[in-house]
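This one's a predicted model, so the numbers in the text were calculated from it and none came from an experiment.
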Amino acid sequence: MSYNDVASSRQNPYKGQLFNKPSGKQAGVDVNEGCVIDYEGKDVTPENYMAILTGNKTAVKGGNGRVLQSTSDDYVFLNFADHGGVGLIAFPNKYLYANDLLKTF
C-alpha cells in the first residue's frame with residue numbers, strides 16, 4: 001500500500017520513480033524499483049487497510065484484492081509512515097483512529 005503521490009506527480013522529473021537519497025548529479029536510489037504496490041492512490045484508505053489486516057477480501061475496494069491470510073501462528077510486521085498525530089494514522093483523505101486499528105488485533 002502506497003499513496004505514491006510523489007512518484008506520479010507531474011512535478012516529478014522521473015515519472016514513476018521515488019528517490020530517498022539524491023547523490024550529487026545522480027538521482028539516488030529508486031525506492032519503488034522492484035516493489036509491487038497492491039493498493040495505490042485512491043485505494044489507500046482506512047477501510048482497505050483494515051480489510052487487508054483482517055483478511056476480509058469482500059470489504060476491499062480497488063487495488064488487486066490481496067489481503068493478509070495470516071493465522072495466530074504468524075508474525076506480521078507493520079510499518080506505516082505518515083504525518084499523523086497521537087492516536088491516529090493520517091491517510092490521504094481520512095484518519096484511522098487508534099481504537100479502530102486495535103480492533104484488528
Candidate pair Tyr97 and Ile89, rule side-chain contact (heavy atoms from CB on, under 4.5 Å), full reasoning: CA-CA 6 Å; Tyr97 293 96; Ile89 296 174; over 6 Å; no
Shortest non-hydrogen separation from Ala51 to Val60 and the atoms involved: CB-CG2, 3.8 Å
NZ-CD distance between Lys57 and Gln69, expressed to the nearest 0.5 angstrom: 6.0 Å
Under 3.5 Å side-chain donor-acceptor pair for Asn56 and Thr58: yes
Chi angles and distances behind the side-chain contact (heavy atoms from CB on, under 4.5 Å) call for Glu47, Lys94: CA-CA 10 Å; Glu47 294 81 10; Lys94 212 172 182 184; 2.4 Å; yes
Shortest non-hydrogen contact from Thr104 toward Leu53: OG1-CD1, 4.1 Å
Donor-acceptor pair, side chain of Lys103 and main chain of Met50, under 3.5 angstrom: no
Separation of Asn4 CG from Tyr39 OH (nearest 0.5 Å): 15.5 Å
Ring center gap for Phe80 and Phe91 short of 6.0 angstrom: yes
Nearest heavy-atom neighbours spanning Leu96 and Pro46: CB-CB, 3.9 Å
Rounded distance (nearest 0.5 Å) linking atom OG1 of Thr45 with atom CD1 of Ile52: 7.5 Å
Distance-minimising heavy-atom pair for Met1 and Asn48: CE-CB, 4.1 Å
Ser9 (side chain) donor-acceptor with Asp5 (main chain) under 3.5 angstrom: no
Note, Leu78 side chain near Val76 side chain (heavy atom, < 4.5 Å): yes
Between Gln17 and Asn32, a side-chain donor and acceptor under 3.5 Å: no
Donor-acceptor pair, side chain of Asp30 and main chain of Phe19, under 3.5 angstrom: no
Criterion side-chain contact (heavy atoms from CB on, under 4.5 Å) on Asp43 and Tyr3, from CA distance to verdict: CA-CA 8 Å; Asp43 299 329; Tyr3 192 55; over 6 Å; no
